[in-house]
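Scroll down for the structure; my scribbles are underneath it.
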Amino acid sequence: MSVLYSSTRSDSKKLTASQAILQGLAEDGGLFVPDHIPALEKSMEELAKLSYQETAYEVMKLFLSDFTEEELKNCIAKAYDQKFDTEEIAPLVYADDAYYLELFHGATIAFKDMALSILPHLMITSARKNQIKNDIVILTATSGDTGKAALAGFADVEGTRIVVFYPKHGVSPIQEKQMVTQKGANTCVVGIEGNFDQAQTGVKQMFNDAQLKEQLDAAGFQFSSANSINIGRLVPQVVYYVYAYAKLFENGKIQKDEPINVVVPTGNFGNILAAFYAKNMGVPIAKLICASNENKVLYDFFESGCYDRNRDFILTNSPSMDILISSNLERLIYRICGNDTAANAEFMKSLSENGKYQITDEMKAQLKDFYGNYTDEAGTKQEIRDVYEKTGYILDTHTAVASSVYRKYRKDTDDKTVTVIASTASPFKFTRSVMDAIDSEKYASMSDFELVDELSKIGNVAIPNAIEEIRTAPVVHDIVCEVEEMPKVVKKFLGINE
Ligand SMILES: *Cc1c(COP(=O)(O)O)cnc(C)c1O
């Protein structure tokens, strides 16, 4: 049965998967959701034999039902190739009572690569399928990581251009270096004299600018967005949960149908929602353990049923989880209120007007498979140190939040179910925080690259390409502009005259 997509806030319009990917967000501001979650067609015995790419096909074909076999296999082949530094794509590593599912072997050594390496291909395939002749121009505002992962995904993908705006004085030196050294004639990286919110607002204004849209269309272009609520990012993330379970089964770590728990370091709620979808497809996942840092809106939500963003925003050493509005949670809310779009729209209205909403007891009862907890800065560092001292394995700060929450869960529940922890970044991406956790005195005076060498030595792991590259790569993007000049910069890059 083919899957169609509609908004979480009104069910009038049904779209095919390719239409939903092209559009990104529904016109009413809602997120696209599948009309049902398809069940896996192959048995676990069959799935166990498959490569990552083959698993991706088996899972994604069920969600993207208007893609042909050839189209989808072509997208998968182009995404999960030598950009990843291991053939397994997403290997499992056992350390200290848990399996760490390493989702950081792609171009930017963080888990966003899992989806952003395939999204460009899904998008141009979707454009061709819907007779769109224009080239797709991706506009992104970034506070650091997503920009680089999107650049790496779209670089040199035919039929696309990508423009990334970042706050010139608001990202780390390594993050900036990663972006301004990005290769690919279709890429453009721009520092703005403003903060992230201004960059984001500037991008939104361009999306809504009718005159600009006409100018682009006349020149053979149209805008699209790569942000994390696109179902073209969600669906590829379901794959690695199926793959992880199948590999545990193949390697005799679990028996047939034996349940596992999954722990996910969470920000926007995309990754853990993908695990929830995998469970609904038939993967025997028992508990979905949602780990937060000190921005613990989700923990409070699972405790009280009240989602409340009215609080201080805390800067932590797991910055990719510093989020107060977890956009993808809307898909779960929609689901637990019985796919009632009007009810969901009310909750979201309350969120935007009052910064909070309270779900009903009936809805809360449907969250019993979720467990939420959080860890502070000290707990995160302690976890990195503990796991390193016990096993020699080095976690990044985000993974350490998950790992630390897992220890709390075990203590709370004494549940010894086999557990997979999503490992969302390489420790090399957050070298200073990681080394500081291991020995703050010893490493305090070292430079960033000295720390990289030291991390490689004490962890006995090779330095990833993504890091080696930025040591030597030349700067190829040096545009800096005022916020008001953003549209001008875009037009210039596309060769459109005023
Ligand atoms: C984005 C990100 C997360 C959070 O993932 P969500 O899907 O937004 O919940 C966690 N860790 C790292 C390293 C990330 O980049």
Side-chain angles (χ1 to χ4, degrees), residues 31 90 100-117 119 140 142-153 171-172 174-175 178 196 226-241 262-278 288-299 301-302 307 316-332 370 372 374-375 380 383-384 394-406 421-431 433-434 464 466:
L31 312 193
Y100 291 89
L101 175 61
E102 295 189 344
L103 304 174
F104 55 73
H105 289 274
T108 75
I109 58 175
F111 105 97
K112 306 259 183 328
D113 292 329
M114 300 303 296
L116 280 167
S117 53
L119 180 71
T140 307
T142 185
S143 53
D145 286 343
T146 307
K148 176 62 190 182
L151 282 164
V171 299
S172 81
I174 292 210
Q175 285 175 323
Q178 279 190 311
F196 171 67
N227 69 20
S228 82
I229 43 86
N230 195 309
I231 59 133
R233 281 185 62 180
L234 186 59
V235 170
Q237 295 180 357
V238 179
V239 174
Y240 45 76
Y241 291 107
V262 167
V263 191
V264 186
T266 298
N268 223 354
F269 210 75
N271 200 359
I272 193 164
L273 187 77
F276 177 70
Y277 278 17
L288 296 144
I289 300 172
C290 176
S292 303
N293 64 23
E294 283 168 84
N295 295 293
K296 57 182 184 63
V297 209
L298 286 166
Y299 164 70
F301 169 71
F302 285 117
Y307 192 95
T316 72
N317 60 12
S318 44
S320 305
M321 296 162 68
D322 291 344
I323 285 176
L324 291 181
I325 297 192
S326 302
S327 318
N328 269 298
L329 185 65
E330 181 170 346
R331 289 187 163 111
L332 183 65
F370 285 88
Y374 73 102
T375 301
T380 307
E383 183 66 15
I384 293 175
I394 302 184
L395 307 176
D396 103 285
T397 47
H398 303 76
T399 311
V401 168
S403 193
S404 166
V405 163
Y406 174 54
I421 298 177
S423 178
T424 52
S426 158
F428 286 97
K429 186 141 196 162
F430 299 94
T431 311
S433 302
V434 167

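All values derive from a computational prediction rather than experimental measurement. Counting convention: from 1, in listed order, for ligands and their atoms alike.
Using a 4.5 Å cut-off on side-chain heavy atoms (C-beta onward), Val405 and Tyr299 make no contact.
Legend: residues meeting ring pair (Phe, Tyr, Trp, His ring centres under 6.0 Å) with Phe269, ordered by chain and number and at least two apart, are absent. Evaluation of the ring pair (Phe, Tyr, Trp, His ring centres under 6.0 Å) rule for Tyr241 yields no partner, not counting sequence neighbours. Looking at residues two or more places apart in sequence or on another chain, you find a side-chain hydrogen bond (donor to acceptor under 3.5 Å, both in side chains) between Glu383 and Ser403, Arg407.
Judged purely by distance below 3.5 Å, without hydrogens or angles, the side chains of Arg331 and Asn328 pair a donor atom with an acceptor atom.
Within the 6.0 Å centre-distance limit, the rings of Phe370 and Phe276 are counted as a close aromatic pair.
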Hey, what polar pairs (N/O, under 3.5 Å) does ligand 1 make with protein?
unit_1	atom_1	unit_2	atom_2	d
ligand 1	7 (O)	Gly270	N	3.2
ligand 1	7 (O)	Asn271	N	2.9
ligand 1	8 (O)	Asn268	N	2.7
ligand 1	9 (O)	Gly267	N	2.8
ligand 1	9 (O)	Asn268	N	3.2
ligand 1	9 (O)	Phe269	N	3.1
ligand 1	11 (N)	Thr424	OG1	2.8
ligand 1	15 (O)	Lys112	NZ	2.6

